[in-house]
2 protein chains.
Amino acid sequence: MHTVKEAAQITGLTEHAVRFYTDKGLVPSVQRNQNNIRMFDEESINWLHGVKCLKQSGMSIEAIKTYVDLCLEGESTIPQRSVLMMEHKETALAKLEEAKRHVVHLEEKTALYQAILEHRTPDTTNPGSWDKVRHMHAEVFYSRSV
Amino acid sequence: MHTVKEAAQITGLTEHAVRFYTDKGLVPSVQRNQNNIRMFDEESINWLHGVKCLKQSGMSIEAIKTYVDLCLEGESTIPQRSVLMMEHKETALAKLEEAKRHVVHLEEKTALYQAILEHRTPDTTNPGSWDKVRHMHAEVFYSRSV
DNA sequence: TTACTATCCTCGTGTAACACGAAGGCAAGC
DNA sequence: GCTTGCCTTCGTGTTACACGAGGATAGTAA
């Protein structure tokens with residue numbers, strides 16, 4: 001049997017998160033002792049690990065709650081759970097694609113800044129060169145390529 | 001000159017977001033007319049586009065505010081802005097790697113569910129096969145491979 | 001026994017980036 | 001004069017906790 005602090009240490013969650021998850025019903029096996037203190041057995045620790053895992057993969061607390069409740073209903077809900085996971089995988093894939101676009105876009109921006117800095121240094125004696133820099137600067141900020 | 005609604009239509013933001021950004025000082029060129037109504041000229045629209053672009057790439061409002069303020073200070077801040085962008089690119093890269101891990105993990109989970117469903121169907125007449133399903137189910141939920 | 005320390009509890013507020021709706025003002029058209 | 005449609009501000013709701021306050025309890029040291 002473990003306390004909140006121990007459960008937090010074991011799972012790598014914060015104590016706040018552990019209390020939050022148990023209060024949300026994501027750890028169905030957790031009990032309270034006579035002093036109203038949360039007691040985590042091995043099964044509770046396993047649930048915490050599972051919740052953490054789903055959370056880290058981007059699932060919302062609400063969705064995890066739904067999933068946990070389905071688990072409690074037994075094996076008959078396995079098809080539903082499978083569907084849930086597939087859907088969640090799709091949203092994770094969409095996020096991945098979005099992240100890729102962001103990186104590409106930011107690489108363009110930083111490349112433009114590098115170009116500005118390179119052009120700027122050698123031409124400080126040439127007033128006309130600032131026009132180019134200004135133009136490039138506008139390009140950097142307003143680029144809409146996301 | 002455009003109103004909030006028009007600016008929202010032009011930039012593809014919601015009216016709420018447009019008001020929010022202007023009130024946060026992310027659109028320095030915006031003015032109010034005698035009826036206290038926000039008026040957006042072309043420069044304001046450009047700022048909105050720029051803010052939207054940075055936001056979509058995952059930058060926080062606070063960081064965008066810092067960046068906008070640096071822009072207003074003039075070309076002397078270009079090196080600082082360049083550094084900011086590089087740092088932001090690094091965080092975006094980190095998010096990208098995280099998203100990749102999530103997808104890999106979820107692909108494993110959904111594959112396990114598929115395996116369960118395939119094993120379950122043909123063996124409903126064999127009571128012993130449920131042990132395997134139960135074991136695999138535990139694997140699915142508790143897998144800590146994130 | 002008293003005191004101190006460590007831990008636990010609950011409860012309330014703060015965060016980010018808006019979404020949403022209420023209540024009210026203003027101009028234009030019928 | 002009234003409705004329509006847009007604008008304004010303000011206040012609350014959202015998510016997933018973080019953080020601290022205030023108070024209880026349990027174990028240990030003097």
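In what follows, every chain begins at residue 1, and chains take the letters A, B, ... in the order their sequences are listed.
- For B:Arg38, taking side-chain heavy atoms from C-beta onward, the closest of the listed nucleotides D:dT9, D:dA16, D:dC7 is D:dT9.
- The local environment of CD in A:Glu6 is crowded, with over 12 non-hydrogen atoms from other residues, nucleotides or ligands closer than 6.0 Å.
- The CG atom of B:Leu13 sits 8 Å away from the P atom of C:dC18 (whole-angstrom rounding).
- Of the possible donor and acceptor atoms, none in the side chain of B:His2 sits under 3.5 Å from a partner among the backbone N and O of B:Ile10.
- Considering only the side chain of B:Val4, D:dT8 comes nearest among D:dT8, C:dA16, C:dC18.
- For the pair A:Ser60 and D:dT15, the criterion of a side-chain N or O lying under 4.0 Å from OP1 or OP2 is not met.
- The CD1 atom of B:Ile64 sits 8 Å away from the P atom of C:dA17 (whole-angstrom rounding).
- Between the side chain of A:Ser82 and the backbone N or O of A:Ile78, no donor-acceptor pair lies under 3.5 Å.
- Taking only side-chain nitrogens and oxygens, A:Thr14 never comes nearer than 4.0 Å to OP1 or OP2 of D:dC17.
- When distances run from any side-chain atom of B:Arg32 to the nucleotides C:dA17, C:dC9, D:dT9, the shortest one goes to D:dT9.
- Looking at the side chain of A:His16, the nearest of the listed nucleotides D:dA18, D:dA16, C:dC18 is D:dA18.
- Counting any heavy atom pair closer than 4.0 Å across all strands shown, A:Lys24 reaches no nucleic acid atom.
- Computed from coordinates, the B:Glu62 CD to C:dA17 P distance equals 8 Å when rounded to whole Å.
- Counting non-hydrogen atoms under 4.0 angstrom, A:Gln34 reaches nothing in the nucleic acid.
- Going from atom CG of B:Asp23 over to atom C1' of D:dC7 covers 13 Å, rounded to whole Å.
- Per the geometry, CD1 belonging to A:Ile37 stands 9 Å off C1' belonging to D:dA26, to the nearest Å.
- Remark: side-chain polar atoms of B:Thr77 are not paired, donor with acceptor, to backbone N or O of B:Gln80 under 3.5 angstrom.
- Per the geometry, NZ belonging to A:Lys52 stands 12 Å off P belonging to D:dC17, to the nearest Å.
- Applying the 4.0 Å criterion to OP1 and OP2 of D:dC17, one finds that A:Tyr21 has a side-chain N or O inside that range.
- In the displayed structure, A:Gln9 atom CD is contacted under 6.0 Å by more than 12 heavy atoms of other residues, nucleotides or ligands.
- Nucleic acid contact for B:Arg19: base, since at least one base atom lies under 4.0 Å from a heavy atom of the residue.
- At a threshold of 4.0 angstrom between heavy atoms, the contacts of B:Glu6 with the nucleic acid are absent.
- The distance from atom CD of B:Gln9 to atom P of D:dC7 is 9 Å, rounded to the nearest whole Å.
- Of the candidates C:dT10, C:dA19, D:dA18, C:dA19 carries the atom nearest the B:Ala17 side chain, counting heavy atoms from C-beta on.
- Atom-to-atom, CZ of B:Phe20 to P of D:dG11 comes out at 16 Å; the value is rounded to the nearest Å.
- You'll find that the side chain of A:Lys55 is closest to D:dA16, out of D:dA16, D:dA18, D:dT9.
- Under the 3.5 Å distance criterion, with hydrogens and angles disregarded, a donor-acceptor pair is assigned to the side chains of A:Asp41 and A:Ser44.
- Picking from C:dA27, C:dT10, D:dA26 the nucleotide with the shortest atom distance to the side chain of A:Asn35 gives D:dA26.
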